[in-house]
Amino acid sequence: MKQIQWYPGHMAKTKRQLKEKMKQIDVVLELVDARVPFSSMNPIIKDIINKTKRVIVMNKADLADQAHIDMWQTYFTSKNIPSISVNAQHQKTISTIYQLLDDVTKDMKAKAHKRGIDEPIIRVMIVGIPNVGKSTFINKLAGKKKLKIGDKPGVTRQTQFITVTKGLEIMDTPGILWPKFDDEKTALKLALIGSIKDSILPIDNVVIYGLNYLITHKLKKLEEHYNITVTDDIVDVLDQIGRSRGCIQRGNEIDYERVYYLFLHDIRHMAFGPICLDEVSEIETV
Ligand code: G4P
């Protein structure tokens, strides 16, 4: 997992640079993780984007609960923000994105036609916090074209655009935003899905947050997966998982460290099915 250390100066510089680049951009595809569509946003995105067209792409939809994706899509629509859910690893994503971009740029293209530009070029930039799938997404859209550019010796790392299809160019490098650190719940969610390093928060807190989510939303799956009976005592639940999975250390004690990593692996790899940790009802605005 790539990790960037964010400092206030670094954030200010990133914001400035992105604002500058935005002048060349017609549409921003803001990638978020569909399991946490709100928590994986960066609140300053609105400042950066200004008047550029914003589209929210809920990536990793294969790992997220479809009913929640639908609720989020309805919510974004109510805020006049087009949104879509995709799996950046799938080929089908390309045509889905082309279609969406076609829809959202109709007005822009009509204006260009009026000014006598027959074949306007729409320039797109991908932004998002680390690990939402920006590189995977760009590579999927750009295919081999991206490699061609990167392989040329002496190419400066200035902004480059790749033509992905007629009339459509994407910036070859994504805009990387910092994750929200301000509230603990957001950080717990990001840690739980593996979007920020496990060492950033106390791992037991992350695991307990995840267990409580499952107890509330997916009790049966949790009990079946580990062959346990959930009780009110969360330590007892951890103990049962430990015993059921043989996470035992010397003296017949539960090896909690192993239980924690086992659980995190399981929840991140769909052991309990798709999840969504953000509820539309919890938030105020995007
Ligand atoms: P980034 O540029 O935004 O930082 O993200 P990147 O593309 O590197 O993707 C982060 C991880 O997410 C990668 O896993 C990538 O394969 C995975 N990923 C991207 N899009 C999707 C998707 O739609 N569905 C699923 N299930 N996974 C997706 P990785 O290489 O294993 O990285 P890591 O797990 O070691 O961090």
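In listed order, ligands and their atoms are each counted from 1. No experiment lies behind these values; they were computed from the predicted model shown. Throughout, residue positions are numbered sequentially from 1 according to the sequence presented.
Side chain to side chain, N227 and S244 fail the donor-acceptor criterion of an N or O pair below 3.5 Å. For the 3.5 Å distance criterion, the side chains of Q91 and K140 qualify, holding a donor opposite an acceptor. In summary, the side chains of N131 and S195 do not present any donor paired with an acceptor at a separation below 3.5 Å, with no hydrogens or angles considered.
Close contacts of ligand 1 with K134, meaning ligand atoms under 4.0 Å from a residue heavy atom, involve 1 (P), 2 (O), 3 (O), 4 (O), 5 (O), 7 (O). Near L63, the atoms of ligand 1 lying under 4.0 angstrom from a non-hydrogen atom of the residue are 26 (N).
In terms of polar-atom proximity, G133 is counted as a contact of ligand 1, with an N or O under 3.5 Å from an N or O of the ligand. Considering backbone and side-chain N/O atoms, A88 comes within less than 3.5 Å of an N/O atom of ligand 1.
Distances from atom 19 (C) of ligand 1 to the heavy atoms of D62, T93, V127, T136 show the closest one on T136. The option with the heavy atom closest to atom 21 (C) of ligand 1, from among K60, R35, H269, is K60.
Under 4.0 Å from ligand 1, not a single heavy atom of L31 appears.
For Y256, there are no ring-ring contact (aromatic ring centres under 6.0 Å, His included) partners at least two apart in sequence or on another chain.
Applying the ring pair (Phe, Tyr, Trp, His ring centres under 6.0 Å) rule to pairs touching residues 193-239 yields Y213-H217, H225-F272, Y226-F272, sequence neighbours excluded.
Using a cutoff of 4.0 Å between basic side-chain nitrogens and carboxylate oxygens, R16 and E20 are not scored as salt-bridged.
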